[in-house]
There are 2 protein chains.
Amino acid sequence: MAALQRAIVTGEFSPGTKLSETDLAKRFGVSRGPLREAIRRLEIRRLLTVVPNVGARVVSLDNQQLVELFETREALEGQAARLAAERMSDQAIADLQGLLDRHAAVISAADGRAYYQEEGDYDFHYRIAHGSGNSLLAGILLDDLYQLLRMYRFRLSAAHGRAEQALLEHRQILAAISERDGPLAELLMRRHIARGRNRLAGQVEVDQE
Amino acid sequence: MAALQRAIVTGEFSPGTKLSETDLAKRFGVSRGPLREAIRRLEIRRLLTVVPNVGARVVSLDNQQLVELFETREALEGQAARLAAERMSDQAIADLQGLLDRHAAVISAADGRAYYQEEGDYDFHYRIAHGSGNSLLAGILLDDLYQLLRMYRFRLSAAHGRAEQALLEHRQILAAISERDGPLAELLMRRHIARGRNRLAGQVEVDQE
DNA sequence: GACTCACCTATTGTCAACAATCGTGGCTGA
DNA sequence: TCAGCCACGATTGTTGACAATAGGTGAGTC
(Lines give C-alpha, C1' and ligand atoms only; values in the text may rest on other atoms or scores of the structure.)
Protein backbone atom coordinates (compact mmCIF):
# COMPACT_ATOMS: atom_id res chain seq x y z
CA MET A 1 0.00 0.00 0.00
CA ALA A 2 2.30 2.70 1.30
CA ALA A 3 5.08 0.77 -0.36
CA LEU A 4 3.93 1.92 -3.79
CA GLN A 5 3.87 5.54 -2.74
CA ARG A 6 7.32 5.21 -1.25
CA ALA A 7 8.63 3.62 -4.42
CA ILE A 8 7.32 6.52 -6.45
CA VAL A 9 8.37 9.30 -4.13
CA THR A 10 11.86 7.99 -3.61
CA GLY A 11 12.34 7.98 -7.33
CA GLU A 12 12.40 4.24 -7.80
CA PHE A 13 10.05 4.84 -10.67
CA SER A 14 11.19 7.83 -12.62
CA PRO A 15 8.65 10.44 -13.73
CA GLY A 16 6.71 9.47 -16.82
CA THR A 17 7.06 5.74 -16.25
CA LYS A 18 4.07 3.69 -17.28
CA LEU A 19 2.77 1.58 -14.43
CA SER A 20 1.25 -1.75 -15.37
CA GLU A 21 -1.28 -3.05 -12.87
CA THR A 22 -0.32 -6.67 -13.35
CA ASP A 23 3.39 -5.94 -13.04
CA LEU A 24 2.93 -3.91 -9.89
CA ALA A 25 0.65 -6.54 -8.42
CA LYS A 26 3.29 -9.18 -8.85
CA ARG A 27 5.99 -6.84 -7.63
CA PHE A 28 4.26 -6.10 -4.35
CA GLY A 29 2.75 -9.52 -3.90
CA VAL A 30 -0.87 -8.41 -3.79
CA SER A 31 -3.79 -8.81 -6.10
CA ARG A 32 -4.96 -6.18 -8.52
CA GLY A 33 -7.89 -5.13 -6.35
CA PRO A 34 -5.97 -3.49 -3.52
CA LEU A 35 -3.43 -2.24 -6.00
CA ARG A 36 -6.07 -0.38 -7.96
CA GLU A 37 -7.25 1.25 -4.76
CA ALA A 38 -3.70 2.37 -4.06
CA ILE A 39 -3.46 3.78 -7.57
CA ARG A 40 -6.66 5.76 -7.10
CA ARG A 41 -5.29 7.23 -3.92
CA LEU A 42 -2.06 8.28 -5.53
CA GLU A 43 -4.02 9.73 -8.41
CA ILE A 44 -5.94 12.02 -6.07
CA ARG A 45 -2.67 12.95 -4.41
CA ARG A 46 -1.44 13.98 -7.85
CA LEU A 47 1.46 11.56 -7.86
CA LEU A 48 0.00 9.60 -10.76
CA THR A 49 -1.90 10.62 -13.83
CA VAL A 50 -4.46 8.08 -14.96
CA VAL A 51 -6.20 8.04 -18.30
CA PRO A 52 -9.17 5.65 -18.52
CA ASN A 53 -8.62 2.38 -20.32
CA VAL A 54 -4.99 3.22 -20.85
CA GLY A 55 -3.31 3.21 -17.50
CA ALA A 56 -1.35 5.13 -14.93
CA ARG A 57 1.88 7.03 -15.34
CA VAL A 58 4.09 8.65 -12.75
CA VAL A 59 3.53 12.38 -13.00
CA SER A 60 6.07 14.30 -14.95
CA LEU A 61 6.21 17.92 -13.90
CA ASP A 62 7.70 20.53 -16.17
CA ASN A 63 9.22 23.67 -14.75
CA GLN A 64 5.95 25.52 -15.10
CA GLN A 65 4.20 23.00 -12.89
CA LEU A 66 7.00 23.13 -10.36
CA VAL A 67 6.50 26.89 -10.23
CA GLU A 68 2.84 26.23 -9.49
CA LEU A 69 3.86 23.91 -6.70
CA PHE A 70 6.06 26.58 -5.17
CA GLU A 71 3.37 29.22 -5.47
CA THR A 72 0.98 26.97 -3.62
CA ARG A 73 3.53 26.13 -0.96
CA GLU A 74 4.23 29.81 -0.53
CA ALA A 75 0.64 30.45 0.46
CA LEU A 76 0.20 27.42 2.67
CA GLU A 77 3.55 27.47 4.41
CA GLY A 78 3.31 31.21 4.95
CA GLN A 79 0.03 30.65 6.73
CA ALA A 80 1.52 27.71 8.63
CA ALA A 81 4.38 29.86 9.87
CA ARG A 82 1.97 32.57 10.95
CA LEU A 83 -0.16 30.12 12.88
CA ALA A 84 2.87 28.38 14.33
CA ALA A 85 4.02 31.69 15.74
CA GLU A 86 0.72 31.95 17.56
CA ARG A 87 0.31 28.37 18.67
CA MET A 88 3.53 26.41 18.88
CA SER A 89 4.46 25.44 22.41
CA ASP A 90 7.63 26.77 23.94
CA GLN A 91 8.82 23.22 24.18
CA ALA A 92 8.28 22.57 20.48
CA ILE A 93 10.10 25.78 19.61
CA ALA A 94 13.04 24.73 21.78
CA ASP A 95 13.10 21.34 20.10
CA LEU A 96 13.13 22.97 16.70
CA GLN A 97 16.00 25.16 17.80
CA GLY A 98 17.85 21.97 18.68
CA LEU A 99 17.11 20.56 15.25
CA LEU A 100 18.63 23.58 13.54
CA ASP A 101 21.69 23.29 15.75
CA ARG A 102 22.13 19.72 14.61
CA HIS A 103 21.69 20.84 11.02
CA ALA A 104 24.43 23.39 11.53
CA ALA A 105 26.74 20.66 12.76
CA VAL A 106 25.96 18.52 9.73
CA ILE A 107 26.63 21.38 7.39
CA SER A 108 30.03 22.26 8.77
CA ALA A 109 30.94 18.57 8.73
CA ALA A 110 29.77 17.99 5.17
CA ASP A 111 30.97 21.32 3.83
CA GLY A 112 27.49 22.59 3.14
CA ARG A 113 26.35 20.20 0.53
CA ALA A 114 24.22 17.72 2.40
CA TYR A 115 21.77 19.91 4.23
CA TYR A 116 19.53 21.43 1.69
CA GLN A 117 19.28 18.50 -0.64
CA GLU A 118 18.62 15.95 2.02
CA GLU A 119 15.83 15.51 4.44
CA GLY A 120 16.99 18.28 6.72
CA ASP A 121 15.07 20.91 4.87
CA TYR A 122 11.94 18.80 4.95
CA ASP A 123 12.34 18.24 8.66
CA PHE A 124 12.14 21.94 9.32
CA HIS A 125 9.15 22.58 7.12
CA TYR A 126 7.51 19.46 8.44
CA ARG A 127 7.64 20.77 11.98
CA ILE A 128 6.34 24.18 11.04
CA ALA A 129 3.39 22.58 9.29
CA HIS A 130 2.62 20.56 12.37
CA GLY A 131 3.20 23.54 14.59
CA SER A 132 0.41 25.40 12.85
CA GLY A 133 -2.03 23.34 14.88
CA ASN A 134 -4.16 23.11 11.75
CA SER A 135 -4.41 19.48 10.75
CA LEU A 136 -6.05 20.22 7.41
CA LEU A 137 -3.34 22.65 6.41
CA ALA A 138 -0.64 20.31 7.67
CA GLY A 139 -2.23 17.38 5.87
CA ILE A 140 -2.30 19.11 2.50
CA LEU A 141 1.33 20.08 2.87
CA LEU A 142 2.69 16.83 4.24
CA ASP A 143 0.56 14.26 2.49
CA ASP A 144 0.23 15.94 -0.88
CA LEU A 145 2.68 18.68 -1.72
CA TYR A 146 5.79 17.42 0.05
CA GLN A 147 5.49 14.01 -1.56
CA LEU A 148 5.33 15.69 -4.93
CA LEU A 149 8.27 17.87 -4.05
CA ARG A 150 10.44 15.00 -2.95
CA MET A 151 10.14 13.43 -6.36
CA TYR A 152 11.93 16.41 -7.79
CA ARG A 153 14.55 17.12 -5.19
CA PHE A 154 17.22 16.07 -7.64
CA ARG A 155 16.25 18.91 -9.90
CA LEU A 156 16.39 21.38 -7.04
CA SER A 157 19.99 20.60 -6.39
CA ALA A 158 21.45 23.29 -4.23
CA ALA A 159 24.16 25.55 -5.44
CA HIS A 160 27.24 25.51 -3.29
CA GLY A 161 26.71 27.62 -0.22
CA ARG A 162 22.95 27.38 -0.51
CA ALA A 163 22.86 25.15 2.55
CA GLU A 164 24.23 27.86 4.81
CA GLN A 165 21.84 30.35 3.30
CA ALA A 166 18.87 28.05 3.85
CA LEU A 167 19.88 27.43 7.42
CA LEU A 168 20.16 31.14 8.05
CA GLU A 169 16.69 31.67 6.68
CA HIS A 170 15.38 28.88 8.83
CA ARG A 171 16.91 30.50 11.88
CA GLN A 172 15.29 33.82 11.04
CA ILE A 173 11.90 32.21 10.64
CA LEU A 174 12.24 30.39 13.90
CA ALA A 175 13.32 33.60 15.62
CA ALA A 176 10.12 35.27 14.45
CA ILE A 177 8.07 32.34 15.68
CA SER A 178 9.91 32.43 18.99
CA GLU A 179 8.97 36.08 19.39
CA ARG A 180 5.38 35.21 18.53
CA ASP A 181 5.52 37.53 15.55
CA GLY A 182 3.08 35.84 13.17
CA PRO A 183 3.16 38.34 10.30
CA LEU A 184 6.95 38.40 10.25
CA ALA A 185 7.16 34.61 10.33
CA GLU A 186 4.77 34.47 7.38
CA LEU A 187 6.72 37.05 5.42
CA LEU A 188 10.04 35.31 6.00
CA MET A 189 8.65 31.91 5.13
CA ARG A 190 7.14 33.21 1.92
CA ARG A 191 10.43 34.77 0.95
CA HIS A 192 12.27 31.60 1.80
CA ILE A 193 10.09 29.60 -0.56
CA ALA A 194 10.00 32.31 -3.19
CA ARG A 195 13.79 32.08 -3.35
CA GLY A 196 13.47 28.43 -4.19
CA ARG A 197 10.95 29.26 -6.87
CA ASN A 198 13.15 31.93 -8.39
CA ARG A 199 16.08 29.56 -8.51
CA LEU A 200 13.82 27.22 -10.38
CA ALA A 201 12.65 29.83 -12.85
CA GLY A 202 16.20 30.73 -13.75
CA GLN A 203 17.07 27.16 -14.43
CA VAL A 204 17.33 25.59 -17.85
CA GLU A 205 14.51 23.31 -18.81
CA VAL A 206 15.36 19.67 -18.28
CA ASP A 207 12.66 17.60 -19.89
CA GLN A 208 12.76 13.90 -19.59
CA GLU A 209 10.84 11.29 -21.52
CA MET B 1 -18.60 7.18 -9.53
CA ALA B 2 -19.01 10.91 -9.33
CA ALA B 3 -22.56 10.14 -8.29
CA LEU B 4 -21.39 9.09 -4.86
CA GLN B 5 -19.44 12.27 -4.35
CA ARG B 6 -22.42 14.31 -5.47
CA ALA B 7 -24.69 12.44 -3.09
CA ILE B 8 -22.38 13.24 -0.22
CA VAL B 9 -21.66 16.83 -1.09
CA THR B 10 -25.26 17.74 -1.74
CA GLY B 11 -26.13 16.48 1.69
CA GLU B 12 -28.05 13.42 0.59
CA PHE B 13 -26.05 11.58 3.20
CA SER B 14 -25.82 13.69 6.30
CA PRO B 15 -22.48 14.00 8.10
CA GLY B 16 -21.64 11.07 10.31
CA THR B 17 -23.68 8.60 8.33
CA LYS B 18 -22.21 5.13 8.13
CA LEU B 19 -21.77 3.98 4.56
CA SER B 20 -22.14 0.29 3.92
CA GLU B 21 -20.31 -0.98 0.88
CA THR B 22 -22.96 -3.51 -0.01
CA ASP B 23 -25.78 -1.02 0.39
CA LEU B 24 -24.04 1.60 -1.73
CA ALA B 25 -23.18 -1.00 -4.35
CA LYS B 26 -26.82 -1.91 -4.75
CA ARG B 27 -27.85 1.73 -4.64
CA PHE B 28 -25.62 2.74 -7.53
CA GLY B 29 -25.94 -0.51 -9.42
CA VAL B 30 -22.24 -1.34 -9.45
CA SER B 31 -20.15 -3.97 -7.82
CA ARG B 32 -18.14 -3.46 -4.68
CA GLY B 33 -14.87 -3.23 -6.57
CA PRO B 34 -15.40 0.11 -8.30
CA LEU B 35 -17.27 1.32 -5.26
CA ARG B 36 -14.30 0.72 -3.02
CA GLU B 37 -12.13 2.69 -5.40
CA ALA B 38 -14.57 5.57 -5.21
CA ILE B 39 -14.50 5.38 -1.42
CA ARG B 40 -10.72 5.56 -1.39
CA ARG B 41 -10.82 8.63 -3.57
CA LEU B 42 -13.31 10.38 -1.33
CA GLU B 43 -11.24 9.40 1.67
CA ILE B 44 -8.20 11.17 0.27
CA ARG B 45 -10.40 14.17 -0.52
CA ARG B 46 -11.33 14.17 3.14
CA LEU B 47 -15.03 13.71 2.48
CA LEU B 48 -15.06 10.31 4.16
CA THR B 49 -13.27 8.95 7.17
CA VAL B 50 -12.43 5.29 6.90
CA VAL B 51 -11.33 3.10 9.77
CA PRO B 52 -9.92 -0.28 8.73
CA ASN B 53 -12.17 -3.28 9.09
CA VAL B 54 -15.00 -1.09 10.27
CA GLY B 55 -16.09 1.06 7.39
CA ALA B 56 -16.53 4.52 6.02
CA ARG B 57 -18.47 7.41 7.48
CA VAL B 58 -19.29 10.78 6.03
CA VAL B 59 -17.01 13.29 7.69
CA SER B 60 -18.50 15.22 10.52
CA LEU B 61 -16.71 18.49 11.07
CA ASP B 62 -16.98 20.29 14.36
CA ASN B 63 -16.60 24.04 14.51
CA GLN B 64 -12.90 23.72 15.23
CA GLN B 65 -12.36 21.81 12.02
CA LEU B 66 -14.43 24.32 10.10
CA VAL B 67 -12.16 27.03 11.44
CA GLU B 68 -9.22 25.02 10.10
CA LEU B 69 -10.93 24.89 6.74
CA PHE B 70 -11.35 28.64 6.68
CA GLU B 71 -7.76 29.23 7.75
CA THR B 72 -6.59 27.10 4.87
CA ARG B 73 -8.91 28.78 2.41
CA GLU B 74 -7.67 32.13 3.59
CA ALA B 75 -4.13 31.27 2.56
CA LEU B 76 -5.00 29.61 -0.73
CA GLU B 77 -7.67 32.00 -1.92
CA GLY B 78 -5.59 34.98 -0.91
CA GLN B 79 -2.81 33.69 -3.11
CA ALA B 80 -5.32 32.91 -5.85
CA ALA B 81 -6.60 36.48 -5.78
CA ARG B 82 -3.08 37.85 -5.93
CA LEU B 83 -2.22 35.69 -8.92
CA ALA B 84 -5.54 36.40 -10.59
CA ALA B 85 -4.76 40.10 -10.40
CA GLU B 86 -1.57 39.44 -12.31
CA ARG B 87 -2.83 36.94 -14.83
CA MET B 88 -6.56 37.06 -15.46
CA SER B 89 -7.44 38.18 -18.94
CA ASP B 90 -9.37 41.39 -19.44
CA GLN B 91 -12.11 39.32 -20.96
CA ALA B 92 -12.37 37.05 -17.93
CA ILE B 93 -12.49 40.08 -15.64
CA ALA B 94 -15.29 41.57 -17.70
CA ASP B 95 -17.19 38.29 -17.55
CA LEU B 96 -16.79 38.18 -13.81
CA GLN B 97 -18.09 41.71 -13.59
CA GLY B 98 -21.15 40.53 -15.47
CA LEU B 99 -21.57 37.68 -13.03
CA LEU B 100 -21.61 40.04 -10.09
CA ASP B 101 -24.17 42.21 -11.86
CA ARG B 102 -26.42 39.21 -12.22
CA HIS B 103 -25.89 38.40 -8.58
CA ALA B 104 -26.95 41.92 -7.67
CA ALA B 105 -30.15 41.41 -9.64
CA VAL B 106 -30.87 38.16 -7.87
CA ILE B 107 -30.30 39.75 -4.48
CA SER B 108 -32.66 42.62 -4.99
CA ALA B 109 -35.24 40.21 -6.34
CA ALA B 110 -34.90 37.75 -3.47
CA ASP B 111 -34.46 40.38 -0.79
CA GLY B 112 -30.91 39.40 -0.05
CA ARG B 113 -31.34 35.93 1.25
CA ALA B 114 -30.53 33.72 -1.67
CA TYR B 115 -27.14 34.97 -2.73
CA TYR B 116 -24.72 34.00 -0.10
CA GLN B 117 -26.18 30.66 0.78
CA GLU B 118 -26.58 29.48 -2.73
CA GLU B 119 -24.14 28.76 -5.45
CA GLY B 120 -23.54 32.40 -6.24
CA ASP B 121 -20.77 32.73 -3.73
CA TYR B 122 -19.10 29.59 -5.01
CA ASP B 123 -19.30 30.87 -8.56
CA PHE B 124 -17.24 33.91 -7.66
CA HIS B 125 -14.60 32.05 -5.73
CA TYR B 126 -14.54 29.36 -8.39
CA ARG B 127 -13.62 31.89 -11.05
CA ILE B 128 -10.94 33.51 -8.95
CA ALA B 129 -9.37 30.13 -8.34
CA HIS B 130 -9.33 29.45 -12.04
CA GLY B 131 -8.14 32.94 -12.78
CA SER B 132 -5.01 32.32 -10.76
CA GLY B 133 -3.66 30.36 -13.69
CA ASN B 134 -2.29 27.87 -11.20
CA SER B 135 -3.96 24.55 -11.81
CA LEU B 136 -2.56 22.96 -8.65
CA LEU B 137 -3.82 25.74 -6.46
CA ALA B 138 -7.17 25.74 -8.24
CA GLY B 139 -7.43 21.99 -8.00
CA ILE B 140 -6.89 21.91 -4.25
CA LEU B 141 -9.52 24.57 -3.79
CA LEU B 142 -12.13 23.29 -6.19
CA ASP B 143 -11.73 19.54 -5.89
CA ASP B 144 -11.02 19.31 -2.19
CA LEU B 145 -11.89 22.30 -0.04
CA TYR B 146 -15.00 23.53 -1.80
CA GLN B 147 -16.59 20.11 -1.77
CA LEU B 148 -16.02 19.97 1.95
CA LEU B 149 -17.40 23.45 2.36
CA ARG B 150 -20.54 22.74 0.41
CA MET B 151 -21.45 20.00 2.84
CA TYR B 152 -21.72 22.60 5.56
CA ARG B 153 -23.32 25.48 3.78
CA PHE B 154 -26.43 25.00 5.88
CA ARG B 155 -24.47 25.79 9.00
CA LEU B 156 -23.04 28.91 7.42
CA SER B 157 -26.47 30.33 6.90
CA ALA B 158 -26.19 34.00 6.27
CA ALA B 159 -27.58 36.56 8.58
CA HIS B 160 -30.00 38.90 6.94
CA GLY B 161 -28.16 41.52 4.96
CA ARG B 162 -25.06 39.38 4.70
CA ALA B 163 -25.74 38.84 1.02
CA GLU B 164 -25.34 42.52 0.21
CA GLN B 165 -22.23 42.67 2.33
CA ALA B 166 -20.71 39.67 0.57
CA LEU B 167 -21.51 41.14 -2.82
CA LEU B 168 -19.86 44.39 -1.84
CA GLU B 169 -16.74 42.57 -0.77
CA HIS B 170 -16.73 40.63 -4.01
CA ARG B 171 -16.91 43.88 -5.93
CA GLN B 172 -13.99 45.32 -4.00
CA ILE B 173 -11.89 42.26 -4.68
CA LEU B 174 -12.71 42.35 -8.35
CA ALA B 175 -11.88 46.05 -8.47
CA ALA B 176 -8.43 45.32 -7.08
CA ILE B 177 -7.96 42.56 -9.64
CA SER B 178 -9.13 44.85 -12.38
CA GLU B 179 -6.50 47.38 -11.37
CA ARG B 180 -3.91 44.61 -11.33
CA ASP B 181 -3.23 45.26 -7.68
CA GLY B 182 -2.21 41.81 -6.49
CA PRO B 183 -1.37 42.59 -2.86
CA LEU B 184 -4.64 44.47 -2.37
CA ALA B 185 -6.65 41.69 -3.95
CA GLU B 186 -4.99 39.22 -1.61
CA LEU B 187 -5.64 41.37 1.43
CA LEU B 188 -9.30 41.87 0.58
CA MET B 189 -9.85 38.20 -0.17
CA ARG B 190 -8.25 37.16 3.09
CA ARG B 191 -10.45 39.57 4.98
CA HIS B 192 -13.50 38.36 3.12
CA ILE B 193 -12.86 34.81 4.20
CA ALA B 194 -11.75 35.78 7.69
CA ARG B 195 -15.16 37.39 8.18
CA GLY B 196 -16.77 34.08 7.40
CA ARG B 197 -14.48 32.40 9.88
CA ASN B 198 -15.24 34.91 12.59
CA ARG B 199 -18.95 34.47 12.07
CA LEU B 200 -18.34 30.79 12.55
CA ALA B 201 -16.33 31.22 15.73
CA GLY B 202 -19.05 33.32 17.32
CA GLN B 203 -21.63 30.72 16.55
CA VAL B 204 -23.01 28.29 19.06
CA GLU B 205 -21.81 24.76 18.69
CA VAL B 206 -24.26 22.61 16.77
CA ASP B 207 -23.12 19.04 16.98
CA GLN B 208 -24.88 16.37 15.06
CA GLU B 209 -24.52 12.65 15.47
C1' DG C 1 5.53 2.18 -51.75
C1' DA C 2 2.13 4.19 -48.70
C1' DC C 3 -2.29 4.15 -46.77
C1' DT C 4 -6.49 1.76 -44.79
C1' DC C 5 -8.88 -1.55 -42.48
C1' DA C 6 -9.57 -5.56 -39.82
C1' DC C 7 -7.90 -8.59 -36.49
C1' DC C 8 -5.38 -9.68 -32.40
C1' DT C 9 -3.03 -9.13 -28.25
C1' DA C 10 -2.30 -6.94 -24.07
C1' DT C 11 -4.12 -4.11 -20.57
C1' DT C 12 -7.73 -2.06 -17.98
C1' DG C 13 -12.56 -2.36 -16.02
C1' DT C 14 -15.82 -5.27 -13.62
C1' DC C 15 -17.77 -8.92 -11.14
C1' DA C 16 -19.06 -12.64 -7.83
C1' DA C 17 -17.17 -15.78 -4.45
C1' DC C 18 -13.95 -16.61 -0.54
C1' DA C 19 -11.22 -15.29 3.72
C1' DA C 20 -10.46 -12.41 7.70
C1' DT C 21 -11.74 -9.20 11.10
C1' DC C 22 -14.77 -6.62 14.20
C1' DG C 23 -18.94 -5.74 16.98
C1' DT C 24 -22.79 -7.71 19.34
C1' DG C 25 -25.55 -10.67 21.89
C1' DG C 26 -26.06 -14.21 25.03
C1' DC C 27 -24.22 -17.27 28.28
C1' DT C 28 -21.68 -18.58 32.37
C1' DG C 29 -19.71 -17.97 36.60
C1' DA C 30 -18.50 -15.60 40.71
C1' DT D 1 -26.54 -8.69 39.60
C1' DC D 2 -22.72 -7.77 37.02
C1' DA D 3 -18.39 -8.69 34.86
C1' DG D 4 -16.01 -11.40 31.67
C1' DC D 5 -15.83 -14.70 27.92
C1' DC D 6 -17.35 -17.07 23.83
C1' DA D 7 -19.64 -17.69 19.70
C1' DC D 8 -22.30 -15.91 16.06
C1' DG D 9 -23.53 -12.59 12.49
C1' DA D 10 -22.36 -9.00 9.59
C1' DT D 11 -19.16 -6.22 7.19
C1' DT D 12 -14.77 -5.34 5.25
C1' DG D 13 -10.50 -7.12 2.81
C1' DT D 14 -8.79 -10.00 -0.84
C1' DT D 15 -8.62 -12.98 -4.66
C1' DG D 16 -9.00 -14.99 -9.30
C1' DA D 17 -11.69 -15.20 -13.36
C1' DC D 18 -14.47 -12.83 -16.97
C1' DA D 19 -15.74 -8.78 -20.08
C1' DA D 20 -14.58 -4.61 -22.63
C1' DT D 21 -11.62 -1.34 -24.61
C1' DA D 22 -7.23 0.60 -26.75
C1' DG D 23 -3.18 0.22 -29.43
C1' DG D 24 -0.29 -2.34 -32.39
C1' DT D 25 0.41 -5.52 -36.39
C1' DG D 26 -0.21 -7.48 -40.53
C1' DA D 27 -2.33 -8.13 -44.93
C1' DG D 28 -4.56 -6.13 -48.66
C1' DT D 29 -5.44 -2.48 -51.97
C1' DC D 30 -4.92 1.80 -54.47
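Predicted model only: the values in this text are computed from it and were never measured. Reminder, nothing fancy here: chain letters follow the sequence lines and each chain counts from 1.
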B:Glu86 side chain to B:Leu83 main-chain N or O, any donor-acceptor pair under 3.5 Å?
no

Ignoring backbone atoms, test whether B:Arg36 places a side-chain nitrogen or oxygen under 4.0 Å from the OP1 or OP2 oxygen of D:dT12.
no

Interatomic distance, A:Phe28 CZ vs D:dT14 P [rounded to whole Å]
15 Å

Indicate, with a heavy-atom threshold strictly under 4.0 Å, whether A:Ile39 touches base, sugar-phosphate, or nothing.
nothing

Can you find a side chain N or O atom of B:Lys18 that sits less than 4.0 Å from OP1 or OP2 on C:dG23?
no

What is the separation between atom CG on A:Leu35 and atom P on D:dG13, rounded to the nearest whole Å?
16 Å

Which whole-number value in Å describes the distance from A:Glu37 CD to D:dT12 P?
12 Å

Considering only nitrogen or oxygen atoms on both sides, find all protein atoms under 3.5 Å from nucleotides 15-23 of chain D and state each distance.
residue, atom, partner, partner atom, Å
D:dT15, OP2, A:Ser31, N, 2.8

I need the NZ-P distance between B:Lys26 and C:dT14, as an integer number of Å.
21 Å

Starting at CD of B:Glu43 and ending at P of D:dT12, how long is that distance when rounded to a whole Å?
13 Å

Who passes side-chain hydrogen bond (donor to acceptor under 3.5 Å, both in side chains) against B:Glu186, sequence neighbours left out?
A:Arg190, B:Arg82

Can a donor-acceptor pair be found between the side chains of B:Asp101 and B:Gln97 at a distance below 3.5 Å?
no

Other residues, nucleotides and ligands only: do more than 12 of their heavy atoms fall within 6.0 Å of CZ on A:Arg191?
no

Take the protein atom CZ of B:Arg57 and the nucleotide atom P of C:dG23, then report the distance between them rounded to whole Å.
12 Å

In plain terms, say whether B:Arg87 and A:Glu71 are close enough for a salt bridge, that is, a side-chain N and a carboxylate O under 4.0 Å apart.
yes

Distance test, side-chain N/O of B:Arg40 to OP1/OP2 of D:dG13, below 4.0 Å:
yes

Check: A:Ala85 main-chain N/O paired with A:Arg180 side-chain donor or acceptor under 3.5 Å:
yes

